[in-house]
Number of protein chains: 2
Amino acid sequence: MNLRDLRYLLAVLEHGHFGRAAEACGVSQPTLSVQLRKLEAELGVALLERGARGVSATAACRRLLPHVQAAVAEADAIQAEARSLRDPLSGPFRLGIIPTLAPYLLPRVLAGLRARLPNLEIEPWEDLTDSLLERLRAHDLEACVIATEPDQPDLLSRQLFAEPFLAALPPAHPLADCATVAESELARDILVLAEGHCLRDQALAVCRTAASQPMRAMSLVTLMHLVAAGYGTTLIPALAAAAAREMGLVVRPLALGALRTLRLVWRVRSPHRAAAEAVAESIIALVDREFATSR
Amino acid sequence: MNLRDLRYLLAVLEHGHFGRAAEACGVSQPTLSVQLRKLEAELGVALLERGARGVSATAACRRLLPHVQAAVAEADAIQAEARSLRDPLSGPFRLGIIPTLAPYLLPRVLAGLRARLPNLEIEPWEDLTDSLLERLRAHDLEACVIATEPDQPDLLSRQLFAEPFLAALPPAHPLADCATVAESELARDILVLAEGHCLRDQALAVCRTAASQPMRAMSLVTLMHLVAAGYGTTLIPALAAAAAREMGLVVRPLALGALRTLRLVWRVRSPHRAAAEAVAESIIALVDREFATSR
DNA sequence: ATGTCATCATAGATTGGCTCTATCGGAGGG
DNA sequence: CCCTCCGATAGAGCCAATCTATGATGACAT
């Protein structure tokens with residue numbers, strides 16, 4: 001069976017006339033005669049009642065008609081949808097982002113991304129680095145933003161910006177009065193995120209210490225609440241500084257100015273690389289220059 | 001655009017592999033390569049991401065997929081409907097049956113069904129009620145026999161026969177000497193099937209008790225073996241009585257005579273409704289009247 | 001009645017595209 | 001670094017859709 005023949009059938013039913021239907025289809029009248037006879041033979045059912053004065057549908061044809069129309073309509077829908085997807089910078093784009101970045105980066109860039117890439121439907125997906133890379137390789141994400149450098153050869157990445165780490169302290173903390181905080185001082189009572197967060201490893205590396213606290217904070221917000229409640233100090237990425245200050249924390253630069261580098265990662269042969277690169281460029285352009293050293 | 005190419009696309013997506021998809025379609029691998037490249041060119045959209053280890057759908061493809069599936073499904077519906085218009089009582093007929101009924105009902109009726117409906121190619125499919133109904137609605141089955149009443153408005157059903165429940169006991173059991181077994185007595189050490197079997201729920205309801213045993217019996221045969229080995233008693237449907245006796249069990253009627261009602265279920269607008277009704281009539285006529293109260 | 005018109009069916013030639021076999025090229029894995 | 005797997009490409013062959021030209025049939029009018 002062929003979509004073309006189904007269209008022929010619909011045309012003949014619509015016009016009630018082989019000749020005019022053929023004209024509407026842009027083919028000759030014998031073509032319709034032959035093809036529709038073949039269709040009837042293939043289905044084993046008479047579809048058309050050929051009268052001397054025009055053509056009408058048989059009862060069987062009326063029974064099939066809804067499916068015929070639906071099939072043709074779906075085919076048309078495929079073409080219509082494809083037309084709107086033809087632009088490489090359009091269509092759904094599932095973007096993974098690590099949890100220590102997502103809530104602070106997305107509000108700053110989402111509106112701008114929509115403005116710059118109006119046909120790209122960005123669907124953010126928040127998860128830990130390993131899960132993101134797994135999903136990326138399983139084609140469940142088109143790209144993701146992470147703070148480490150993926151060394152898999154099937155992935156490409158583009159540096160977005162560098163984000164300094166800052167010390168977050170309770171106001172009453174002795175270090176709160178210093179203009180900058182020494183990493184070794186911060187290490188004394190630092191609280192870090194649960195395993196799996198790259199920020200955990202990076203914070204411990206910056207402070208050259210190991211985790212000791214018994215708690216298991218799954219989000220930066222939790223961690224900052226703990227600090228605000230006086231349970232210790234922590235190290236936050238710069239984009240989270242505003243949120244930390246709003247929670248009453250004191251935020252100070254680190255003495256040695258450690259930072260993390262955010263990258264956009266995608267599959268090396270992804271058909272969405274053009275969109276990924278456009279997303280990367282847009283994010284670079286949109287992120288506040290206050291702290292960010294782009295590229 | 002061509003329905004055939006859409007089927008090729010679905011096959012490649014399903015198998016994730018051009019070679020195997022080609023085999024499934026009955027064509028050569030280059031055919032799929034060429035045709036799908038053409039389809040992509042025609043739509044102006046990359047549909048497949050060809051990796052070294054298999055093929056997957058692009059985001060655009062995922063967007064188009066529902067329409068592709070719908071178009072192919074409608075084409076199949078046309079053929080199915082045409083076939084049923086040609087001869088409603090012919091063609092493949094996938095018949096789902098619950099596991100507590102299939103091995104006892106099928107031997108009694110299959111030959112008779114073939115004799116009464118020689119052009120209907122009945123393909124039995126055994127599964128739990130929920131899976132059967134799911135498959136029925138997904139057009140993977142034409143009808144199914146279950147022991148509960150489906151309340152979905154897109155399904156129709158026809159009562160087949162009522163099947164009494166019977167107590168199955170080890171010969172040495174105290175209740176084995178009674179002419180009838182009281183449900184409350186049976187409840188004391190009743191063994192029931194695993195979750196998902198409607199017979200499990202019905203047995204527990206009949207005995208007004210809750211399951212307590214640690215074992216997880218996936219078939220009536222297993223259950224009867226356990227009873228034969230003296231682990232307890234159980235409740236079986238009447239058609240399984242002969243099998244139970246052959247395993248050395250004692251079978252007794254229940255005091256209150258509980259029973260289950262078997263029904264044939266099909267989709268309300270199925271092109272196979274005539275065949276389904278003929279199957280129902282035939283089963284009713286064929287089932288042994290010994291215990292069955294046919295409508 | 002019979003010619004005429006309208007309409008669909010048929011015949012034979014042509015063309016285009018689908019499919020095949022054979023082979024290439026590239027990417028991973030050992 | 002070689003080997004294997006898998007998709008892409010090339011070129012030939014064949015089938016089917018289409019065209020033009022013509023036939024067949026029934027309605028209608030004179």
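Everything numeric in this text was worked out from a predicted model, so none of it was measured. Reckoned from all heavy atoms, side chains included, excluding hydrogens, waters and symmetry mates. Each chain gets a letter, A, B and so on, in the order its sequence line appears, and its residues count up from 1.
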Given protein heavy atoms under 4.0 Å, the one-letter contact record of nucleotides 14-19 of chain D, with B base, S sugar-phosphate only and - none, is simply --SSSS

Could you list the donor-acceptor pairs under 3.5 angstrom formed between side-chain atoms of residues 8-17 of chain B and any protein atom two or more places apart in sequence or on another chain?
| unit_1 | atom_1 | unit_2 | atom_2 | d |
| --- | --- | --- | --- | --- |
| B/H15 | ND1 | B/A11 | O | 3.0 |
| B/H17 | ND1 | B/G19 | N | 3.0 |
| B/H17 | ND1 | B/R20 | N | 3.0 |

Q) OP1 or OP2 of D/dT9 less than 4.0 angstrom from a side-chain nitrogen or oxygen of B/R37, does that happen here? A) yes

Taken in chain and number order and not counting sequence neighbours, the residues that satisfy side chain to side chain donor-acceptor pair (under 3.5 Å) with A/D76 are A/R7

B/R50 CZ to C/dG25 P, in whole Å, measures 19 Å

Could you pull out every donor-acceptor pair under 3.5 Å between side chains of residues 32-41 of chain A and any protein atom, sequence neighbours left out?
| unit_1 | atom_1 | unit_2 | atom_2 | d |
| --- | --- | --- | --- | --- |
| A/S33 | OG | A/Q29 | NE2 | 3.3 |
| A/Q35 | NE2 | A/D5 | OD1 | 3.2 |
| A/E40 | OE1 | A/R50 | NH1 | 3.1 |
| A/E40 | OE1 | A/R50 | NH2 | 3.1 |
| A/E40 | OE2 | A/L47 | N | 2.7 |
| A/E40 | OE2 | A/L48 | N | 3.1 |
| A/E40 | OE2 | A/R50 | NH1 | 3.3 |

Considering only distance and modelled atom types, tabulate donor-acceptor pairs under 3.5 Å from the side chains of residues 123-131 of chain A, sequence neighbours left out.
none

B/E142 meets the side chain to side chain contact (heavy atoms under 4.5 Å, CB included) criterion, sequence neighbours left out, with B/F93, B/R94, B/H272

note: B/L39, atom CG; C/dC18, atom P; distance rounded to Å ~ 11 Å

When A/L264, A/L89, A/I284 are each screened for side chain to side chain contact (heavy atoms under 4.5 Å, CB included) with A/V279, the one that passes is A/L264

Residues at least two apart in sequence or cross-chain that pass salt bridge (charged side-chain N to carboxylate O under 4.0 Å, His left out) with A/E183, listed by chain then number, are none

N/O contacts under 3.5 Å, protein versus nucleotides 12-14 of chain C?
none

note: A/L47, atom CG; C/dC8, atom P; distance rounded to Å ~ 16 Å

Rounded to whole Å, the CG-C1' distance (B/L36 to D/dT9) equals 15 Å

Residues passing the side chain to side chain donor-acceptor pair (under 3.5 Å) test with B/T31, sequence neighbours excluded, are B/S28

Quick one: is A/H17 getting a side-chain N or O under 4.0 Å of the C/dC8 phosphate, OP1 or OP2? yes

Separation of C/dC8 atom P from A/L13 atom CG, nearest Å, is 12 Å

